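Here's the structure, in structure tokens; my notes come after.
This structure is a prediction, so every number in the text was calculated from the model and none was measured.
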Amino acid sequence: MFSRIKEDIKSVFDRDPAARTTFEVLTNYPGMHAIWIHRLSNKLWRNNWKLIARLLSTFSRWLTGVEIHPGATLGRRFFIDHGMGIVIGETAEIGNDVTLYHGVTLGGVSWNGGKRHPTLEDNVVIGAGAQVLGPITIGKGGKVGSNSVVVKDLPAGATAVGIPGRIVNPNKSNDTSEKREEVAKKYGFDAYAVSSDNPDPVAKAIGRLLDHMHLMDNKVAILCKEINQLGGEVCQEALPELRVGEFVEDEKAAAERRQSHVESFDPEI
């Protein structure tokens, strides 16, 4: 028991630069307290003392703000940072070296019995406010961005962001990604499962579509030029240039018009 507690404390120092002393961790980290109480309630649950186990987990929820069902399975060096608002369901399974931040839900999407909560494999990071729902699996080393909602399996090493969660880096097989991972581990923990190379997937898709359209416009222009040199008469009128900035200007003008209407409105009329 004491060796596991030492291991838990060491994991806090590894992943939270705010931790200063062992006494501080022992007395001021409710995530650790919730995990320690869960170990006792889980043992009671497995020995069929289910009512006492639930009472103990409810007391832990009142004390720490972390709700862990006594039937959930937690791995070694599991770290809950801040803790408040975390919910972990009965059939959830959490591997080793997993990190959860405040507001995370490992919940179910069905009222049927059996496996209905997520499985988190080793080294998974779930960002603040994220919801991981259903009997899905977050693969080894996977990350879920803050406030994301994930309802499908996430491959090992991938990162999901958004609602619903979309994969923004499906694999990390190239040398550049491996080097970035090494630098991240050396200089700082990727706390909230987001980074500068994981942009919004919708914006990224739109950007790729615009790149494709630009490439096609160039191809069409070259074809028109070649046909005209052969004696044809095509593309006499130039295609209008696509300027994304015009949409921004139009929206800005519309916003100014709406504001002028609001300012001219007389509530006494």
Side-chain angles (χ1 to χ4, degrees), residues 11-12 14-18 31 72-89 92-109 117-212:
S11 71
V12 174
D14 290 340
R15 286 177 267 182
D16 186 5
T73 301
L74 308 184
R76 301 176 72 92
R77 298 174 298 279
F78 176 41
F79 179 47
I80 298 175
D81 199 2
H82 303 296
M84 182 61 68
I86 283 180
V87 177
I88 301 175
E93 299 176 46
I94 297 176
N96 299 326
D97 302 295
V98 171
T99 302
L100 302 187
Y101 287 84
H102 53 281
V104 169
T105 299
L106 304 183
V109 294
H117 298 99
T119 296
L120 310 185
E121 296 184 350
D122 298 347
N123 297 298
V124 167
V125 180
I126 309 295
Q131 314 294 302
V132 184
L133 307 175
I136 63 175
T137 299
I138 307 299
K140 185 176 181 179
K143 296 179 181 179
V144 176
S146 299
N147 296 314
S148 300
V149 178
V150 180
V151 293
K152 295 182 179 179
D153 291 346
L154 185 67
T159 298
V161 299
I163 303 174
R166 301 177 181 90
I167 298 174
V168 293
N169 61 334
N171 60 68
K172 298 184 178 180
S173 58
N174 58 69
D175 294 337
T176 302
S177 296
E178 292 178 358
K179 291 179 181 178
R180 288 178 181 175
E181 286 294 313
E182 292 177 1
V183 172
K185 290 179 180 179
K186 180 178 179 181
Y187 289 102
F189 183 64
D190 190 4
Y192 290 89
V194 293
S195 61
S196 58
D197 61 344
N198 293 329
D200 179 76
V202 176
K204 190 173 183 179
I206 292 174
R208 288 180 175 176
L209 285 173
L210 291 174
D211 291 340
H212 181 74

### Message
How long is the straight-line distance from OH of Tyr101 back to CD1 of Ile80, given to the nearest 0.5 Å?
### Response
12.0 Å
### Task
Could you check Val125 against Val144 for side-chain contact (heavy atoms from CB on, under 4.5 Å), going step by step and ending with a plain yes or no?
CA-CA 6 Å; Val125 180; Val144 176; over 6 Å; no
### Query
Taking all non-hydrogen atoms of both residues, which atom of Gly89 and which atom of Ala72 are closest, and how far apart?
O-CB, 3.4 Å
### Message
So, taking the atom named CG in Leu154 and the one named CD1 in Ile136, what distance separates them when rounded to the nearest 0.5 Å?
### Response
8.0 Å
### Task
Indicate the ring-plane relationship of His82 and His102, choosing parallel, tilted or perpendicular according to the 30° and 60° boundaries.
perpendicular
#### Entry: Approximate separation, where rounding is to 0.5 Å, of Asn96 CG and Asn123 CG
8.0 Å
### Task
Calculate, to the nearest 0.5 Å, the distance between atoms CD and OG1 belonging to Glu93 and Thr119 respectively.
4.0 Å
### Validation row: Thr137, Glu121 side chains within 4.5 angstrom (heavy atoms)
yes
### Task
Kindly indicate, with the supporting measurements, whether the criterion side chain to side chain donor-acceptor pair (under 3.5 Å) is fulfilled by Thr105 and Gln131.
CA-CA 5 Å; Thr105 299; Gln131 314 294 302; 2.8 Å; yes
### Query
Between Ala130 and Ile126, which heavy-atom pair has the shortest distance, and what is it?
CB-CG2, 3.6 Å
#### Entry: Identified side-chain contact (heavy atoms from CB on, under 4.5 Å) counterpart of Pro118 within the set Ile88, Leu106, Ile94
Leu106
### Pair Lys140 + Asp122: basic N to acidic O under 4.0 Å
no
### Task
Please name the pair of heavy atoms, one in Ser148 and one in Gly162, separated by the smallest distance, quoted to 0.1 Å.
OG-N, 3.0 Å
### Qualifying residue for side-chain contact (heavy atoms from CB on, under 4.5 Å) with Phe78, from Asp97, Leu100, Leu120
Leu100
